[in-house]
Asker: 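Take this structure first; my questions come after.
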Amino acid sequence: MTRNLHQLAPAHKRRAGWAGLFVATLLPLASCTSANSVGLKAGEAEKLRVVTTFLPMTDFTLAVAGDRAEVTQLLPPGVGPHDYQAKPQDVQSLAEADVLVENGLGLEDFLTGLIDNANNPDMVVVDSSEGIATLPAADDGHSDADAHEGSEHQHSEFDPHIWLDPKKAIQQVGNIRDALVAVDPAGEAIYAANADAYIQQLQQLDKEISVALAPYAGQTFVSHHDFAEHFARSYGIDVEYLVDVPEESATPSDMQRVIQAVEGSDLKTLLQEPAQPGSSLSALAKEMNAQVSEFNPMESSGPEGLSPDYYITTMEQNSENLEAAFAQSDR
């Protein structure tokens, strides 16, 4: 079994046996995974090995770890956590990891069985959602007749998209900091300083978004899938969505529900994810003579997303796009 933070030994110990067993297997993978990781430089001492699940967890962990740890993202560029199917190389990555950072709240279903197969009893699994106020998973009002056929994704009890609320992102960063300190006490000063600096940026981001969206309190915007509830509640606005997860297709009742939201709020701009060009939301916007803008939930990105600054700049752009959409509706 893997350890959680309450089962940590007083100090981190490297597993030399695991390293020897897997090094021959991992080396051929280096060329295809280098874009996902912050590797060791020639001559450097072996660093704490931290595996993250997907983009926001990677950016937050990079911000805290700095140069103190080697951070590798499990999911490849351009792939999000919804319905991700684990690969054999994922088992190898976890077999060599000291720490695994996940979002939690049931989002990373692909970890089921993967951790056991890695057979790494010393790996510490960090649930970055620990202690953070939850929201129930959205109820889209689908009847049994409207059930999305062929969809394998099942929502957990809670809405997992906590990282899109900068206030909750701050708490996630704090949880990651505390975990790395517990595993690597010698790095406490580094982790604490890095986390403090990033948290200050997140606090400033939160203030900027609050000011920008304050004039639109109580107004509704429409997104493609149900990722924005934590964000909307944080800033006093409402959100309607077309489908549960990006891979699903909209039913007639989905379309009617969103049409009513658009007409009721006099929306002139709908917001879709970067990964959903030509989606049913785009078709709906065209039918209703509405514009399409973008709100990036950062569930995936290219290699350019593997940077703490990416989260900040993307959330700033999301806020600007949403503010412009609301302003357009007010005209």
Side-chain angles (χ1 to χ4, degrees), residues 2-3 12 14-16 18-42 44-81 84-104 107-108 110-111 114-128 163 172-173 175-177 179-180 182-184 187 190-191 194-195 198 298-311:
T2 55
R3 296 180 297 162
H12 162 68
R14 167 62 58 189
R15 298 172 303 285
W18 281 116
L21 177 62
F22 283 96
V23 67
T25 307
L26 289 175
L27 282 175
L29 294 172
S31 61
C32 64
T33 61
S34 59
N36 292 46
S37 64
V38 179
L40 300 179
K41 297 179 181 178
E44 276 189 330
E46 192 172 25
K47 296 183 177 182
L48 192 72
R49 295 187 179 186
V50 183
V51 172
T52 58
T53 50
F54 70 113
L55 187 65
M57 301 307 100
T58 304
D59 289 352
F60 297 163
T61 304
L62 286 171
V64 175
D67 294 330
R68 178 79 183 181
E70 177 187 1
V71 180
T72 304
Q73 181 173 291
L74 201 62
L75 271 63
V79 178
Y84 174 70
Q85 299 297 313
K87 306 295 190 296
Q89 58 263 36
D90 297 338
V91 176
Q92 295 166 352
S93 295
L94 296 189
E96 274 292 287
D98 300 306
V99 179
L100 170 63
V101 178
E102 64 172 339
N103 179 78
L107 182 60
E108 292 105 335
F110 55 85
L111 289 177
L114 184 61
I115 294 174
D116 288 341
N117 289 334
N119 193 26
N120 183 351
D122 292 328
M123 182 179 68
V124 174
V125 179
V126 181
D127 182 343
S128 69
W163 68 90
Q172 289 185 283
V173 170
N175 286 339
I176 294 168
R177 174 202 59 212
L180 295 185
V183 177
D184 178 22
I190 294 173
Y191 299 136
N194 289 346
Y198 196 60
M298 291 178 282
E299 294 179 353
S300 66
S301 81
E304 73 280 357
L306 303 178
S307 165
D309 290 340
Y310 182 82
Y311 176 85

Asker: Can you list the residues that meet the side-chain hydrogen bond (donor to acceptor under 3.5 Å, both in side chains) rule with Thr61, with sequence neighbours excluded?
Answerer: none
Asker: Between Val101, Leu107, Leu111, which is the residue that forms a side-chain contact (heavy atoms from CB on, under 4.5 Å) with Thr53?
Answerer: Leu111
Asker: For Val64 and Ile190: C-alpha separation, side-chain torsions, deciding distance, then whether side-chain contact (heavy atoms from CB on, under 4.5 Å) applies.
Answerer: CA-CA 8 Å; Val64 175; Ile190 294 173; over 6 Å; no
Asker: Can you measure from OG (Ser300) to CD (Gln73) and round to the nearest 0.5 angstrom?
Answerer: 9.0 Å
Asker: Drop me the distance from Asp90's CG to Leu74's CG, to the nearest 0.5 angstrom.
Answerer: 4.0 Å
Asker: For the pair Glu108 (side chain) and Asn103 (backbone), establish whether a donor and an acceptor sit closer than 3.5 Å, ignoring hydrogens and angles.
Answerer: yes
Asker: Do you know which two heavy atoms are closest between Val183 and Val124, and how far apart they sit?
Answerer: CG2-CG2, 4.0 Å
Asker: Looking at Pro56, is its backbone amide N or carbonyl O close enough to the side chain of Asp59 to form a donor-acceptor pair, meaning the two atoms are under 3.5 Å apart?
Answerer: no
Asker: What distance do Glu46 atom CD and Glu70 atom CD have between them, rounded to the nearest 0.5 Å?
Answerer: 8.5 Å
Asker: So, using ring-ring contact (aromatic ring centres under 6.0 Å, His included) as the criterion, who are the partners of Phe60 when residues are at least two apart?
Answerer: Tyr311
Asker: Could you grab the distance from atom NZ of Lys87 to atom CG of Leu114, nearest 0.5 Å is fine?
Answerer: 11.0 Å
Asker: Tell me the closest heavy-atom pair linking Ala95 and Asn120, and the distance in Å.
Answerer: O-ND2, 3.1 Å
Asker: Please name all residues satisfying side chain to side chain contact (heavy atoms under 4.5 Å, CB included) with Asn117, sequence neighbours left out, ordered by chain then number.
Answerer: Val91
Asker: For Val51 and Ser93, work out which heavy atoms get closest and say how close.
Answerer: CG2-O, 4.0 Å
Asker: Please find the pair of heavy atoms, one from Ser307 and one from Leu62, that lie closest to each other, and give the distance.
Answerer: N-CD1, 4.2 Å
Asker: Would you please name every residue forming a side-chain hydrogen bond (donor to acceptor under 3.5 Å, both in side chains) with Asp127, sequence neighbours left out?
Answerer: Ser129
Asker: Supply the atom-to-atom distance Met123 CE to Leu100 CG, rounded to the nearest 0.5 angstrom.
Answerer: 5.0 Å
Asker: Heavy atoms only: give me the nearest Ser128-Gln172 pair and the separation to one decimal.
Answerer: OG-NE2, 2.9 Å
Asker: Can you see which heavy atom on Asn194 is nearest to which on Ala63, and at what distance?
Answerer: CB-O, 3.2 Å
Asker: Does Tyr198 reach the main-chain N or O of Pro308 with its side chain, forming a donor-acceptor pair under 3.5 Å?
Answerer: yes
Asker: Measure the spacing between CG of Asp122 and CG of Asn119 and express it to the nearest 0.5 Å.
Answerer: 10.5 Å
Asker: Say whether, by atom type as modelled, one donor and one acceptor occur between the side chain of Asp98 and the main chain of Arg49 under 3.5 angstrom.
Answerer: yes
Asker: Using a 3.5 Å distance criterion without hydrogens, assess whether the side chain of Asn175 forms a donor-acceptor pair with backbone atoms of Val126.
Answerer: no
Asker: Can you list the residues that meet the ring-ring contact (aromatic ring centres under 6.0 Å, His included) rule with Tyr191, with sequence neighbours excluded?
Answerer: none
Asker: State whether the side chain of Lys47 and the backbone N or O of Asp67 hold a donor-acceptor pair below 3.5 Å, judged by distance alone.
Answerer: yes
Asker: In chain order, what residues pass the ring-ring contact (aromatic ring centres under 6.0 Å, His included) check against Phe110, with sequence neighbours excluded?
Answerer: Tyr84
Asker: For the residue pair Thr58 and Thr72, establish whether any side-chain heavy-atom pair is separated by less than 4.5 Å.
Answerer: no
